[in-house]
Amino acid sequence: MTSITEQLRELFQAALQDILGPSGQGVDPLLRPAADAKFGDYQSNVAMSLAKKTGDRPRDLAERIVQSLKERSPAILDTLEVAGPGFINIRLSDGWLADSLNAVPAIPDTAAADRLGLAPARDPQTVVVDYSSPNVAKQMHVGHLRSTIIGDAFARVLEFEGHRVIRQNHIGDWGTQFGMLIAYLKQEMPDALDPSREVHVADLEAFYRQANALAASDPEFQKTARAEVVALHAGEPSALKAWQFIVGESRRHYLAIYQKLGVSLTEADERGESFYNDRLAPLVADLKKRFAPSDTTKNASATPQTPRVTVEESDGAICVFHCNADGEPMFTKPDGDPLPMIIRKSDGAFLYATTDLAAMQFRVEQLGVDRIIYVTDARQAQHFEMVFAAARGFSWTHRQGKGEVRLDHASFGSILGTDRRPLKTRTGENIKLADLLGEAVSRAEQLIRTNEADPAKRRGFSEDEIADIAEAVGIGAVKYADLCQNRQSDYVFSWDKMLAMEGNTAPYLMYAYARIRSICRKGSGMSEQVQEDTAASADSQAAPDGLDTVFKDPAERALALQLCRFAETIDSVAGGLRVNMLTDYLYDLSGAFMKFYECCPVLSAETAIRKSRWGLCDLTSRVLRIGLGLLGIRVVERM
RNA sequence: GCGCCCGUAGCUCAGUAGGAUAGAGCAACGGUUUCCUAAACCGUAGGUCGGAGGUUCGAGUCCUCCCGGGCGUGCCA
């Protein structure tokens, strides 16, 4: 399968160069799916925008483009029409559509089949996706959900495209709060560190609260806590051991959540704040030396857009100040003064900005990345603007002959309750992810049991099947509800909506999949007969894999077209980090399938038609399974 | 105050570098099971895209102002 828009783009670009000569090079043909199916399959809006520049009449220009395209008579095109003010309406040829489907590798060819025959990215990149980032000694809560789900989908999609993806789980495993926790554990419950005693993250969380309370009332304890921080920094064995215990417990907790959630992060992807600890002091010292205020123009790779940065002490803190090319501060305080990014506090401690810089330097220099994607909530937008501006100002992102390292902050909105306030428990606490996922699964289970109790709907699932389906549906529903939103907007969390069978939800798509699979199963009983029939007829006509698509009903062609759009959808998702384009695609695909399902009987059709329709069913189910898989959502064969 | 984001049907949301009559789902109303999973499908109705100007062949989308909401705004992450 190859991207339709990509192929059309090449054709149009060749035509544009025919007409315009060299100036036609690099002109975007402005290809879109047709606004309305009655216009065709795709449209190009290039004539109208181009005519403005060249002074031609848009329709004349469109006609010349059409003429040039027709002279090439490519297999992909059926008809071309100029319409309205200068739209070029494109209808793809049935033969090309059928051939495209026939060329998709069949299931036995596993590696290629799992990619549906998509070509890997022409320019594979090394991409860090930084996501999830739970805090050690705390349970994961709803605040970690979006980063974890969205980041995982990015990682899967980019990997699918053929990029080298390095997942980075930047866990919060370092900081002054551990001094308190270590001191508390040692002092109040030394046996907690005994390996034979069962201590879970929930306990650590409680200890931490108690430690906080103790610190507030007991100056002596504060001192001990600070001493533990120093001891930990120095690598003192008992402090280090306590810290490792805490991190280990936390790791067990978050890995269990990932397992439940179906997230692809592993222990190997963990690169927490502690990893960068030793790099912070040298980094700050080096930056302070190299970007002292008197020395601001030494960035040899600077372009007019490159921020100019200085690193200097201010009120005892070491700060990065950013200016644009005009010397204006890029960030300002309420009073209009420049707002710096502090990288070392006046007490000598480092901050998350310092760690983020150290991590970026590591990724650029050690991991050799082409792109870094930070998946965090929108409230950190200014923080990342500052970090990115600093990195560019330091010239870290500039590479000789390889272009800039691309930095993306893939921000997202908050999860809101139905009251439109950030989602909390009734008592105002963050909802634990373990509880939320448990509720999702048990709600899904209830739905299944309700159906099983109804003789008309009963499928006769075993207890194991019910558990498996409930898990897939419940978790899938939570993930899909998140991914189908436009990332940047806040979204309202609603169990009823995400678990609904109607509309753009995981259960709906999973149900569509199960229905199609049911046909496939029934059809496979006939496949031997089909093969015999095929062999008996003119077998040279059949595609090598046995699929030979024919379009008898418009619904078959519409389904085929939608299937072929999978490739361009993946490109859009990866390019713009917009996963909701994939959910929309899958929902539209289900819609196209349902229209087909209603008017095109599969199993009762005559042999050639049955074979073709069976192939459409098979391919649709595969696209659904693989598409949902890219979102981290598992399908079930029956539900 | 300044910066960023948002305001689209009663509700929840799409709307891909400005393109043809603004799309879904829910809720409402009406229809479809001798037929491959009805947890389904089809249809009807519902909108001055927060308001006002502007840019142009063409604006939900770009610019300016205003109204309403969210977030951020020097030693938390």
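Convention: sequence-line order gives letters A, B, ...; per-chain numbering from 1. Keep in mind that what you see is a predicted model, and the values were worked out from it rather than measured.
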**OP:** Decide, applying a 5.5 Å centre-distance limit and a 30° plane-angle limit (both strict), whether A:F39 stacks on B:A20.
**Re:** yes
**OP:** Could you tell me whether the side-chain ring of A:F87 sits stacked on the base of B:A20, using a centroid cut-off under 5.5 Å and a plane angle under 30°?
**Re:** yes
Have a look at [X] and say if it touches a base, only the backbone sugar-phosphate, or nothing, with a 4.0 Å heavy-atom cut-off.
{"X": "A:R420", "result": "sugar-phosphate"}
{"X": "A:S314", "result": "base"}
{"X": "A:M639", "result": "base"}
{"X": "A:A378", "result": "nothing"}
{"X": "A:I342", "result": "base"}
{"X": "A:E273", "result": "sugar-phosphate"}
{"X": "A:Y597", "result": "base"}
{"X": "A:C617", "result": "nothing"}
{"X": "A:N89", "result": "base"}
{"X": "A:P33", "result": "base"}
{"X": "A:P507", "result": "nothing"}
{"X": "A:S49", "result": "base"}
{"X": "A:A353", "result": "nothing"}
{"X": "A:L351", "result": "sugar-phosphate"}

Send over the distance from [X] [atom1] to [N] [atom2], rounded to a whole Å.
{"X": "A:H322", "N": "B:U73", "atom1": "NE2", "atom2": "P", "value": "15 Å"}
{"X": "A:F412", "N": "B:C4", "atom1": "CZ", "atom2": "C1'", "value": "16 Å"}
{"X": "A:I88", "N": "B:G19", "atom1": "CD1", "atom2": "P", "value": "16 Å"}
{"X": "A:E385", "N": "B:C71", "atom1": "CD", "atom2": "P", "value": "18 Å"}
{"X": "A:M386", "N": "B:G3", "atom1": "CE", "atom2": "P", "value": "15 Å"}

Check whether any side-chain N or O of [X] sits under 4.0 Å from OP1 or OP2 of [N], and answer yes or no.
{"X": "A:R517", "N": "B:U37", "answer": "no"}
{"X": "A:Y508", "N": "B:C41", "answer": "yes"}
{"X": "A:Y352", "N": "B:A77", "answer": "no"}
{"X": "A:Y491", "N": "B:C6", "answer": "no"}
{"X": "A:R59", "N": "B:C57", "answer": "no"}
{"X": "A:T569", "N": "B:U16", "answer": "no"}
{"X": "A:N580", "N": "B:G15", "answer": "yes"}
{"X": "A:Q488", "N": "B:C6", "answer": "yes"}
{"X": "A:R379", "N": "B:U73", "answer": "no"}

**OP:** Check whether any side-chain N or O of A:T354 sits under 3.5 Å from a backbone N or O of A:I343 as a donor-acceptor pair, and report yes or no.
**Re:** yes
Original post:
Between the main-chain N or O of A:E273 and the side-chain N or O of A:D173, is there a donor-acceptor pair closer than 3.5 Å?
Top reply: yes
Choosing from [options], which nucleotide comes nearest the side chain of [X]?
{"X": "A:M501", "options": "B:C36, B:A40, B:C75", "result": "B:A40"}
{"X": "A:V602", "options": "B:C75, B:C36, B:G19", "result": "B:C36"}
{"X": "A:P601", "options": "B:C57, B:C13, B:C36", "result": "B:C36"}
{"X": "A:M594", "options": "B:A20, B:G15, B:C41", "result": "B:C41"}
{"X": "A:Q43", "options": "B:G19, B:G74, B:U73", "result": "B:G19"}
{"X": "A:R578", "options": "B:G19, B:A77, B:U16", "result": "B:U16"}
{"X": "A:R515", "options": "B:A20, B:C6, B:A38", "result": "B:A38"}
{"X": "A:D490", "options": "B:G70, B:C36, B:G15", "result": "B:G70"}

**OP:** Measure the shortest side-chain to side-chain distance between A:V602 and A:F596 over non-hydrogen atoms and say whether it is less than 4.5 angstrom.
**Re:** yes
Whole-angstrom distance between [N] and [M], as gauged at atom [atom1]:
{"N": "B:A20", "M": "B:G60", "atom1": "C1'", "result": "15 Å"}
{"N": "B:G25", "M": "B:C41", "atom1": "P", "result": "9 Å"}
{"N": "B:C49", "M": "B:C62", "atom1": "C1'", "result": "16 Å"}

Original post:
When the nearest nucleotide of RNA chain B is assigned to A:P338 and to A:R421 on a heavy-atom basis, which residue is associated with the more 5' position?
Top reply: A:R421
Subject >> Ring centers of A:Y352, A:H383 separated by less than 6.0 Å >> reply: yes
Original post:
Quick check, are the ring centers of A:Y42 and A:F12 under 6.0 angstrom apart?
Top reply: no
Original post:
Does A:R515 make a cation-pi contact with A:Y597 (under 6.0 Å, within 45 degrees of the axis)?
Top reply: yes
Original post:
For every nucleotide of nucleotides 24-33 of chain B, 5' to 3': is a protein heavy atom under 4.0 Å from its base (B), only from its sugar-phosphate (S), or from neither (-)?
Top reply: SSS-------
**OP:** Kindly state which residues belonging to residues 133-151 of chain A come within less than 4.0 angstrom of RNA chain B, counting heavy atoms of the residue only, listed by number.
**Re:** none
Original post:
Does a side chain donor of either A:S133 or A:H144 reach within less than 3.5 Å of an acceptor in the other side chain?
Top reply: no
Side-chain donor-acceptor pairs under 3.5 Å in residues 498-513 of chain A, sequence neighbours left out?
residue	atom	partner	partner atom	Å
A:N504	OD1	A:Y480	OH	2.5
A:T505	OG1	A:A500	O	2.6
A:T505	OG1	A:Y508	N	3.2
A:Y513	OH	A:E637	OE2	2.9

Original post:
For B:G30, which nucleotide is its Watson-Crick or G-U wobble mate, given both distances must be under 3.5 Å?
Top reply: B:C42
Original post:
For B:A24, which nucleotide in any strand shown is its Watson-Crick or wobble partner with both distances under 3.5 Å?
Top reply: B:U12
